[in-house]
Number of protein chains: 2
Amino acid sequence: MAATSKLVHPKVFSECSKQLLAINDALDILRGKWKIQIIGSLTFGKKRFTEMQREVRGITARMLSKELKELEINELVLRTVHNTTPVTVEYELTDYGKTLDKVIEGLRDWGVKHRKRIIKKQS
Amino acid sequence: MAATSKLVHPKVFSECSKQLLAINDALDILRGKWKIQIIGSLTFGKKRFTEMQREVRGITARMLSKELKELEINELVLRTVHNTTPVTVEYELTDYGKTLDKVIEGLRDWGVKHRKRIIKKQS
DNA sequence: TATATCGGTATACTTTAGGTAAGTAGTAAC
DNA sequence: GTTACTACTTACCTAAAGTATACCGATATA
């Protein structure tokens with residue numbers, strides 16, 4: 001006897017697919033090792049380039065520059081150049097960037113719990 | 001005159017760094033094109049392999065298999081083989097996997113809003 | 001006998017992500 | 001005139017991620 005294939009109700013199926021599409025849209029913008037961390041660092045306020053380089057552990061100037069550019073294009077981050085010498089550049093979240101608060105917070109909270117769990121398992 | 005480097009208060013700095021570490025921990029497990037989508041699809045309940053292949057648009061058997069294995073190793077997903085013919089295999093979120101609810105939800109909600117925004121800008 | 005299903009695996013390949021290292025302009029301090 | 005600072009850019013390279021396609025055993029169906 002062949003396994004009966006429990007068909008998902010079309011309504012449920014399309015609902016799930018639609019939501020996966022949304023997740024995909026979000027990931028398209030946030031994917032990679034650095035973007036979410038960069039946004040995370042900017043939730044603490046305006047930052048200068050070198051400041052972020054120090055804060056986001058392990059990131060190189062190349063990656064920071066590249067990722068910030070993409071975030072700027074997607075209107076999540078605002079870049080402001082100040083006429084000091086040498087020039088200073090400030091990055092901050094746009095209002096739209098700030099709408100990612102819940103995502104960042106969720107990821108951060110889960111990460112904290114996850115780290116605790118891993119450490120507990122090792123001991 | 002050189003720009004004065006506004007030093008961040010050590011307490012604020014370490015707090016930010018600590019939180020970025022947590023975000024990094026979370027991302028280590030969830031990074032890539034598919035993992036979050038797979039978990040997202042499982043928030044709707046148990047799924048069989050082929051069912052997921054249909055649901056997660058564009059994923060190949062190879063990737064689905066690979067990603068599910070990694071999620072299983074990290075105890076986010078449980079795999080159950082049923083003795084039907086042909087065999088059926090069910091995947092579901094573990095209790096620990098379910099703790100990602102907030103993250104998935106946040107990403108999904110943001111994705112929905114983001115898609116609306118993009119469509120609006122195009123018109 | 002031929003074909004289909006389920007849950008994959010094997011192999012080969014292409015693409016993208018990310019790292020390394022060096023260099024840049026403009027200014028200013030030593 | 002050499003060095004230092006800020007905020008990058010460029011060229012190059014590797015490793016990881018992802019894709020395409022064919023195939024597997026067991027069984028059931030046409």
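This structure is a prediction, so every number in the text was calculated from the model and none was measured. Naming convention: chains lettered A, B, ... in sequence-line order (proteins, then strands); numbering from 1 in each chain.
Rounding to whole angstrom units, CD of residue Glu90(B) and P of dG8(C) are separated by 12 Å. Put simply, CD on Glu51(A) is 15 Å from C1' on dC5(D), counting in whole angstrom units. Taking atom CD of Glu70(B) as the reference point, atom P of dG8(C) lies 15 Å away to the nearest angstrom. To the nearest angstrom, C1' of dT6(D) lies 10 Å from CD of Gln53(A). Atom CZ in Phe49(B) sits about 6 Å away from atom C1' in dG7(C), given to the nearest Å. In this entry the distance linking CG of Leu64(B) with P of dT9(C) reads 10 Å, nearest Å. Remark: P of dG7(C) and CG of Asn83(B) are 13 Å apart, rounded to the nearest angstrom.
Lys33(A) has its side chain out of reach of Leu27(B): every pair of non-hydrogen atoms, C-beta onward, lies at least 4.5 Å apart. Counting heavy atoms from C-beta outward, Met52(A) and Leu64(A) have side chains that approach closer than 4.5 Å. Side-chain contact between Ile59(B) and Ile38(B): present, with at least one pair of heavy atoms (C-beta onward) separated by less than 4.5 Å. Between Gln19(A) and Ile23(A), the closest side-chain pair of non-hydrogen atoms is not below 4.5 Å.
For the pair Thr94(B) (side chain) and Glu75(B) (backbone), a donor-acceptor distance under 3.5 Å is present. When atom types are taken as modelled, the side chain of Asn24(B) and the backbone of Leu20(B) share no donor-acceptor pair closer than 3.5 angstrom.
In this structure, Tyr91(B) does not reach the dC6(C) phosphate: none of its side-chain N or O atoms is under 4.0 Å from OP1 or OP2. Contact annotation: Thr85(B) does not reach the phosphate of dA26(D) (side-chain N/O to OP1 or OP2, under 4.0 Å). The side chain of Thr50(A) contributes an N or O atom lying less than 4.0 Å from OP1 or OP2 of dA7(D). A close approach under 4.0 Å does not occur between any side-chain nitrogen or oxygen of Arg48(A) and OP1 or OP2 of dC8(D). Remark: Arg54(A) is not in phosphate contact with dT6(D), judged by side-chain N or O atoms under 4.0 Å from OP1 or OP2.
In this pair, Phe49(A) and Tyr91(A) present their aromatic rings tilted. The plane angle is within the 30 to 60° band.
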Do nucleotides 11-21 of chain C as a string where each nucleotide becomes B, S or -: B if the base has a protein heavy atom under 4.0 Å, S if just the sugar-phosphate does, - if no protein is that close. BB-----BBB-
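Heavy-atom minimum distance, His82(B) versus Val87(B): O-CG1, 3.6 Å.
Within 4.0 Å of Lys69(A), counting heavy atoms only, lie sugar-phosphate atoms of the nucleic acid but no base atom.
By the side chain to side chain donor-acceptor pair (under 3.5 Å) test, Thr99(A) is found to be paired with Trp110(B), residues two or more places apart in sequence or in another chain being considered.
Over its full length, the helix from dT1(C)-dA30(D) to dC30(C)-dG1(D) turns its helical axis through 20°, comparing axes from the five pairs at each end and rounding to 10°.
The Thr88(B) side chain lies nearest to dC6(C) when the options are dC8(D), dC6(C), dT6(D).
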